[in-house]
Amino acid sequence: MTKASLPQGTRDFAPDVVRKRQYILATIKNVFELYGFQPLETPAMENLETLMGKYGEEGDKLIFKILNNGLDNPAKHNLAKEDFEKVLAGKNTKGITERALKYDLTIPFARYVAMNYGQLTFPFKRYQIQPVWRADRPQKGRYREFYQCDADIVGSNSLINEVEFVNLYHDVFTQLGIGNYELKINSRKILTALAECCGGSDKMMDITIAIDKLDKIGLEKVKEELQQRGLDNEQISSIENYLSISGSNDEKLHAAKNLFASSETGKKGISEIEFILTAINTEKPTVNITIDFTLARGLNYYTGIIFEAKAPAEVKIGSIGGGGRYDDLTGLFGVPNIPGVGISFGVDRIYDVMEELKLFPQTVSQSTKALLFNLGQPESQVAYQLLQRLRRNKIAAEIFHEPAKMDKQFKYAEKKNIPYVIIIGSREVMDKTCVVKNLQTGLQQTLAQTDLPDFPFI
RNA sequence: GUGACUGUAGCUCAGUUGGUUAGAGCAUCAGAUUGUGGUUCUGAGGGUCGGGGGUUCGAGACCCCUCAGUCACCCCA
């Protein structure tokens with residue numbers, strides 16, 4: 001007998017958790033469809049070479065590789081041993097592994113677009129909700145198997161796409177009840193301009209990595225890190241100057257315009273943000289969007305506008321979504337000039353936010369609306385016929401599986417969160433009636449069996 | 001990959017400087033009630049104290065190894 005256990009960093013989702021997760025996913029999916037996105041699914045595994053080298057050196061180490069089958073074939077022993085030596089030396093070899101679990105949804109999507117661009121109608125708008133796997137050490141809120149929920153628009157440079165995503169975020173979060181989320185916006189072009197004027201464009205990555213940590217480690221630590229990454233004091237003080245820009249969106253834009261007056265890239269980034277803010281403000285003045293020049297985002301493939309959606313401050317959960325614009329999604333697969341913009345929802349974190357703020361509707365954890373009591377053989381026969389009539393009327397119902405004390409049957413209903421019980425004992429069999437009891441209010445009423453299917457179960 | 005902490009009943013945890021048959025609450029099951037539960041009362045089942053080795057007259061406790069989990073760093077969702 002083996003002891004029941006789960007691989008590290010994975011989890012089972014119990015029925016009530018699945019219901020809540022599906023509620024979130026269904027909400028997001030409906031909004032995606034409403035905005036004209038189409039669903040896409042790709043395999044759990046990809047060829048290893050599709051994934052290798054796409055996520056940086058660190059990322060490569062975190063890809064789950066799948067061992068080839070048939071290594072025990074005696075005819076191939078020598079080859080397998082040679083190949084395994086290479087693995088020990090830290091290299092991948094097709095003899096040992098040539099497939100891997102997907103690491104995110106973006107690269108498989110890029111692969112798909114590269115393979116099918118002849119057939120696709122551009123701009124191509126797809127959404128994808130699937131699990132991905134990372135061989136990371138698990139910790140709070142981080143797992144080895146988790147769901148990603150992405151939407152991208154590829155094959156278009158228009159900023160209307162960015163505006164669409166801002167509105168999409170707003171629709172999803174308000175529908176879920178997270179109305180006081182915060183959407184931050186910045187442009188990689190502005191960060192590029194910053195790098196150009198202090199440090200040189202080769203320091204772009206160092207600067208973004210460091211300032212991305214600002215709200216986590218504070219200004220002093222960021223300055224220390226910049227120093228370690230090889231920037232001099234003058235450069236650091238102009239970065240500090242940039243990071244200290246504050247005020248309303250308009251004030252921030254004004255300050256940035258002064259700062260980057262001589263940078264074409266900087267001015268471009270600023271005007272893009274202005275375009276989006278103007279479009280949002282005219283169309284939907286309730287959308288809460290703020291410029292955050294300290295927003296950098298880790299992923300290095302972003303090249304234009306970047307977004308980050310943050311949970312309401314009181315729950316201390318942080319980012320619940322993010323995204324941005326990238327050039328040349330499929331260049332790595334030999335298909336150049338397909339730009340795009342995409343966003344992603346952090347489903348696990350949204351779940352935590354909603355749980356903490358108690359935003360799930362009560363009805364989410366209900367499935368069965370009514371439980372018919374089983375009080376003996378002749379009674380249960382009558383009950384069973386009524387049960388089927390309820391089901392024909394689309395009322396989810398079940399009968400207790402065996403005759404038992406009422407006490408036990410009440411407890412079953414309560415545990416399964418069933419709002420109504422229907423009692424049919426010998427008396428009701430005689431009278432052709434039944435007792436319907438609402439467990440939440442404790443109120444009960446007797447009605448004719450023929451009227452039961454039309455009873456308003458809520 | 002680096003580091004810290006934790007492993008005692010199905011769950012949450014007690015268990016004094018090593019000292020008899022390892023405890024509690026919740027949960028489960030049975031009864032107190034012959035058709036109205038969620039309260040209360042009584043009782044029962046359930047543990048090779050993560051595993052292996054060592055120190056000792058004696059180890060759940062101390063030491064070593066190992067496995068598992070949690071958290072932090074790196075990186076990221």
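The shown structure was predicted, so the numbers you read here are calculated from the model rather than taken from an experiment. A note on names: the letters A, B, ... follow the listed sequences, proteins ahead of strands, and every chain is numbered from 1. The figures here come from the full heavy-atom set of this structure, side chains too, leaving out hydrogens, waters and symmetry mates.
Other residues, nucleotides and ligands contribute at most 12 non-hydrogen atoms within 6.0 Å of the CE atom of Met45(A).
A donor-acceptor contact under 3.5 angstrom links the side-chain atoms of Gln444(A) to the base of rU36(B). For rC75(B), its base never sits under 3.5 Å from the side chain of Arg134(A) at any donor and acceptor pair. Applying the 3.5 Å distance criterion, the base of rG35(B) shares a donor-acceptor pair with the side chain of Glu428(A).
Phe345(A) places its CZ atom 15 Å from the P atom of rA77(B), with the value rounded to the nearest Å. One atom, CD of Gln409(A), and another, P of rU36(B), lie 13 Å apart when rounded to the nearest Å. At whole-Å resolution of the value, CG in Leu375(A) and P in rU36(B) are 11 Å apart. Atom NZ of Lys310(A) and atom C1' of rA77(B) are 14 Å apart (whole Å). Rounded to an integer number of Å, the gap from NZ of Lys140(A) to P of rC73(B) is 13 Å. Computed from coordinates, the Ile422(A) CD1 to rG35(B) P distance equals 20 Å when rounded to whole Å. For the pair Gln130(A) CD and rA77(B) P, the interatomic distance rounds to 17 Å; values are reported in whole Å. rU34(B) atom P lies 13 Å from atom CG of Asp407(A), rounded to whole Å.
Here Phe410(A) does not lie in a stacked arrangement on the base of rG38(B), lacking the combination of planes under 30° and ring centres under 5.5 Å apart.
If Gly442(A) and Gly346(A) are placed on RNA chain B by their nearest nucleotide, the residue sitting closer to the 5' end is Gly442(A). Annotation: of the two residues near RNA chain B, Met406(A) and Arg144(A), the 5′-most nearest-nucleotide partner is Met406(A).
Arg126(A) pairs by the side-chain contact (heavy atoms from CB on, under 4.5 Å) definition with Leu40(A), Leu105(A), Phe109(A), Phe124(A), Gln128(A), Asp150(A), Asp152(A), not counting sequence neighbours. For Lys213(A), the side-chain contact (heavy atoms from CB on, under 4.5 Å) criterion is met by Ile209(A), Ile217(A), Glu225(A), not counting sequence neighbours. Every side-chain contact (heavy atoms from CB on, under 4.5 Å) that Gln22(A) has, sequence neighbours left out, goes to Val18(A). Residues that satisfy the side-chain contact (heavy atoms from CB on, under 4.5 Å) test with Arg142(A), not counting sequence neighbours, are Asp136(A), Gln139(A).
Comparing the same atom, C1', in rA77(B) and in rG3(B) gives a spacing of 23 Å after rounding to whole Å. The C1' atoms of rC26(B) and rA9(B) are separated by 12 Å, rounded to the nearest whole Å. Taking atom P on both nucleotides, rG23(B) is separated from rG60(B) by 14 Å, rounded to a whole Å. Only the P atoms considered, rG51(B) is 45 Å distant from rU33(B), to the nearest whole Å. Nucleotides rA24(B) and rG45(B) are separated by 12 Å at their P atoms, to the nearest Å. For rA59(B) and rU16(B), the C1' atoms lie 16 Å apart once the distance is rounded to whole Å. Taking atom C1' on both nucleotides, rC5(B) is separated from rC41(B) by 43 Å, rounded to a whole Å. Atom P of rC63(B) sits at a distance of 42 Å from the matching atom of rC29(B), rounded to the whole Å.
For the pair Ile395(A)/Phe455(A), no side-chain contact is recorded, criterion being any heavy-atom separation below 4.5 Å from C-beta on. Proximity of Asn161(A) to Pro123(A): side-chain heavy atoms (C-beta onward) are nowhere separated by under 4.5 Å. Using a 4.5 Å heavy-atom threshold, the side chains of Ile63(A) and Leu101(A) count as separate. No side-chain heavy atom of Tyr35(A) sits under 4.5 Å from any side-chain heavy atom of Tyr127(A). Side-chain contact between Phe307(A) and Asn186(A) is absent, with no heavy atoms from C-beta onward closer than 4.5 Å.
The residue Gly425(A) sits close to a base: some heavy atom pair falls under 4.0 Å. Among the heavy atoms of the strands lying under 4.0 Å from Tyr143(A) is at least one base atom, whether or not backbone atoms are also near. Within 4.0 Å (heavy atoms only), Lys61(A) reaches no atom of the nucleic acid at all. Counting any heavy atom pair closer than 4.0 Å across all strands shown, Leu439(A) reaches a base atom. Counting non-hydrogen atoms under 4.0 angstrom, Ile423(A) reaches a base of the nucleic acid. Within the 4.0 angstrom heavy-atom criterion, base atoms lie near Ser426(A). In this structure, Gly141(A) reaches the bases: a heavy-atom distance under 4.0 Å links it to at least one base atom across the strands shown.
At the phosphate of rC71(B), neither OP1 nor OP2 sits under 4.0 Å from any side-chain N or O atom of Gln139(A). One finds no side-chain N or O of Lys405(A) lying less than 4.0 angstrom from the OP1 or OP2 phosphate oxygen of rG35(B). Distances shorter than 4.0 Å separate some side-chain N or O of Gln8(A) from OP1 or OP2 on rG69(B).
Salt-bridge check for Glu355(A) with Lys20(A): passed, with a basic side-chain N closer than 4.0 Å to an acidic carboxylate O. Taking 4.0 Å as the cut-off between side-chain N and carboxylate O, Glu414(A) and Lys411(A) do not count as a salt-bridged pair.
Side-chain atoms of Thr303(A) and Asp327(A) include a donor-acceptor pair closer than 3.5 Å. Looking only at atom types and distance, the side chain of Tyr169(A) has no donor-acceptor partner in the side chain of Glu164(A) under 3.5 Å away.
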Output one line per pair: protein atom, nucleotide atom from nucleotides 65-67 of chain B, and distance, for all N/O pairs under 3.5 Å.
none

Listed pairs, N/O of protein and of nucleotides 10-12 of chain B, under 3.5 Å:
none

For nucleotides 3-8 of chain B, print each protein N/O atom paired with a nucleotide N/O atom at under 3.5 Å, atom names and distance only.
none

Distances for protein N/O vs nucleotides 25-29 of chain B N/O pairs under 3.5 angstrom?
from    : atom 1 : to        : atom 2 : distance (Å)
rU28(B) : OP1    : Lys415(A) : NZ     : 2.2

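Pairs passing the side-chain hydrogen bond (donor to acceptor under 3.5 Å, both in side chains) check and including a residue from residues 106-116 of chain A, sequence neighbours excluded, read Glu46(A)-Arg111(A). Within the structure, every pair that satisfies the salt bridge (Lys or Arg N to Asp or Glu O under 4.0 Å) test and touches residues 4-14 of chain A, not counting sequence neighbours, is listed here: Arg11(A)-Asp348(A). The list of salt bridge (Lys or Arg N to Asp or Glu O under 4.0 Å) pairs with a residue in residues 431-458 of chain A, not counting sequence neighbours, is empty.
With ring centers used as reference points, Phe400(A) lies 6.0 Å or more from Phe373(A).
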request  = Any chance you could encode RNA chain B as dot-bracket? Rule is Watson-Crick or G-U wobble with both distances under 3.5 Å; [ ] for pairs crossing earlier ones, | for another strand.
outcome  = (((((((..((((.....[...)))).(((((.......))))).....(((((..]....))))))))))))....

ask   = Which is it for Val435(A) and Gln445(A) under the side-chain contact (heavy atoms from CB on, under 4.5 Å) test, yes or no, and what are the steps along the way?
value = CA-CA 6 Å; Val435(A) 175; Gln445(A) 53 185 297; over 6 Å; no

